[in-house]
Number of protein chains: 2
Amino acid sequence: MRPGGRAARVRSALLDAAATALVECGPAGFDLAELARRAGIGKTTVYRRWGTVGAVVGDLVADMAETSLPRADTGTLDGDLAANADLVRATLADPRQGRLFAALVAAATADPATADALRDFYDRRISEWQPCVADAVARGELDPGTDTAAVVRAVSAPLYYRLLTRGEPPTEDDARRAAGAAAAAARAGVFLS
Amino acid sequence: MRPGGRAARVRSALLDAAATALVECGPAGFDLAELARRAGIGKTTVYRRWGTVGAVVGDLVADMAETSLPRADTGTLDGDLAANADLVRATLADPRQGRLFAALVAAATADPATADALRDFYDRRISEWQPCVADAVARGELDPGTDTAAVVRAVSAPLYYRLLTRGEPPTEDDARRAAGAAAAAARAGVFLS
DNA sequence: TCCTTAACGGGACTGCAGTTCCTTTTCGGA
DNA sequence: TCCGAAAAGGAACTGCAGTCCCGTTAAGGA
């Protein structure tokens with residue numbers, strides 16, 4: 001592997017093209033030949049380095065996982081979860097990013113390698129925000145037995161659910177409800193492990 | 001259109017084959033030629049009657065929407081939501097049905113016609129269970145301003161979220177938490193419209 | 001039972017994704 | 001600056017999905 005120079009340029013050109021293609025056509029709407037055309041690189045190169053659409057999408061997700069999304073710290077559980085909900089909402093409601101995430105989830109249902117990459121991606125995101133809930137426990141807002149990751153996931157779930165099953169971007173009201181519901185459920189002890 | 005006889009047999013043979021193919025390969029893993037082969041019908045027929053994979057999947061979803069899934073009536077909000085959660089869990093955790101629903105969601109992200117059909121499907125399912133929450137309001141368990149459909153959706157969301165983002169079937173514990181969280185949030189007034 | 005017509009099915013054709021083989025570029029160390 | 005290795009690119013080949021044309025089957029009314 002040669003990390004710098006042309007090889008790297010080719011990789012980023014292909015991943016850019018893949019993201020755009022995913023946004024425009026979804027995971028089933030394109031193939032490696034078209035990807036090579038869009039990226040302006042040789043078809044042979046794409047087939048040699050990646051070989052399948054799944055591998056390309058997996059590489060794209062791994063690339064996305066490298067950028068971090070720092071947690072909020074408002075001092076209250078409600079504030080932190082609201083911040084997280086609005087961040088997720090903004091991402092999924094953005095036309096480009098929303099379609100990209102929907103396409104990634106769709107691709108993961110068919111390709112195990114993509115599914116692994118996507119699981120790693122979400123594990124990383126969840127673990128970045130988990131401290132919000134852990135801090136709430138430390139402050140005495142929640143029971144020490146609370147499953148902190150489950151609370152963070154409970155915030156995202158309704159927003160993804162709306163995007164994926166209704167095809168509609170989540171609204172600010174959805175985000176408010178998602179954060180409120182997760183906080184209320186956590187306080188009620190639903191997420192005790 | 002001739003609803004009875006050979007035409008109907010051809011349609012059900014194709015929809016059966018489509019469901020199996022979706023389970024085995026996902027929405028991107030097959031095409032109409034293969035579908036015709038699996039169903040044992042002429043390739044021309046499939047291209048003439050449906051034309052695209054999206055149309056087939058849409059037809060399949062419309063067919064699924066016709067079968068009803070009656071609501072529970074345990075007499076309490078918690079009992080009804082737990083029954084709903086477990087029904088959804090059992091569906092998504094079943095190897096065949098789970099893969100089918102994941103594939104349907106994936107297909108809907110790429111094809112608007114499929115997305116419409118899937119939205120209709122879920123609208124129907126939600127409206128079948130909405131009375132559980134409406135009854136809880138009538139019994140005085142919840143505030144009359146509660147958005148009943150939102151409560152039902154809140155039960156499903158975490159289960160779908162787990163299946164789609166982690167690729168893992170939801171567990172009984174997930175179902176218990178999903179129902180408990182929705183009920184707790186509803187009681188806390190999060191779903192007032 | 002017969003006849004009309006809508007729908008199914010077989011087979012040849014075409015375009016393009018995916019493969020193969022070989023040449024050209026360029027990276028990076030000496 | 002030069003050289004060997006490693007990766008990119010070009011071009012021809014192949015298999016198969018999608019299309020087209022026309023003959024065959026069967027549904028359903030008279």
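Order of the sequence lines fixes the chain letters, A, B, ..., with proteins taken first and strands second; residue numbering starts at 1 for each chain. Remember, predicted model here, so these are calculated numbers, not experimental data.
- By the 4.5 Å heavy-atom criterion applied to side chains, A/L142 and A/R187 are counted as neighbours.
- Side-chain contact check for B/R71 versus B/E128: every heavy-atom pair is 4.5 Å or farther apart.
- Side-chain nitrogen and oxygen atoms of B/T45 include at least one within less than 4.0 Å of the OP1 or OP2 phosphate oxygen of C/dG9.
- Following rounding to the nearest Å, A/I41 (CD1) and C/dT26 (C1') show an atom-to-atom distance of 16 Å.
- In this structure, A/K43 places its NZ atom 8 Å from C1' of C/dT19, rounding to the nearest Å.
- Distance from the side chain of A/L32 is smallest to C/dG18 among C/dA7, C/dG18, D/dA27.
- Taking atom CZ on A/R9 and atom C1' on D/dA8, their separation rounds to 11 Å, with Å as the unit.
- When each of A/T44 and B/G42 is assigned the nucleotide of DNA chain C with its nearest heavy atom, B/G42 is the one assigned upstream, toward the 5' end.
- Distance check, rounded to the nearest 0.5 Å: CD of A/E24 to CZ of A/R38 gives 4.5 Å.
- Side-chain N/O atoms of B/R37 include one lying less than 4.0 angstrom from OP1 or OP2 on D/dA17.
- As a whole-Å value, the separation of A/F30 CZ from C/dG18 P is 10 Å.
- Distance A/Y47 OH to C/dC22 P: 21 Å, rounded to the nearest Å.
- The distance from atom CZ of B/R6 to atom P of D/dT25 is 9 Å, rounded to the nearest whole Å.
- Counting heavy atoms from C-beta on, the side chains of A/D63 and A/R11 come closer than 4.5 Å.
- If you take CZ of A/R49 and C1' of D/dA6, they are 11 Å apart, rounded to a whole angstrom.
- The nearest whole Å value for the distance from the CG atom in A/L14 to the C1' atom in D/dA7 is 15 Å.
- Counting atom types as modelled, A/R48 pairs a side-chain N or O with a base atom of D/dA8 as donor and acceptor under 3.5 Å.
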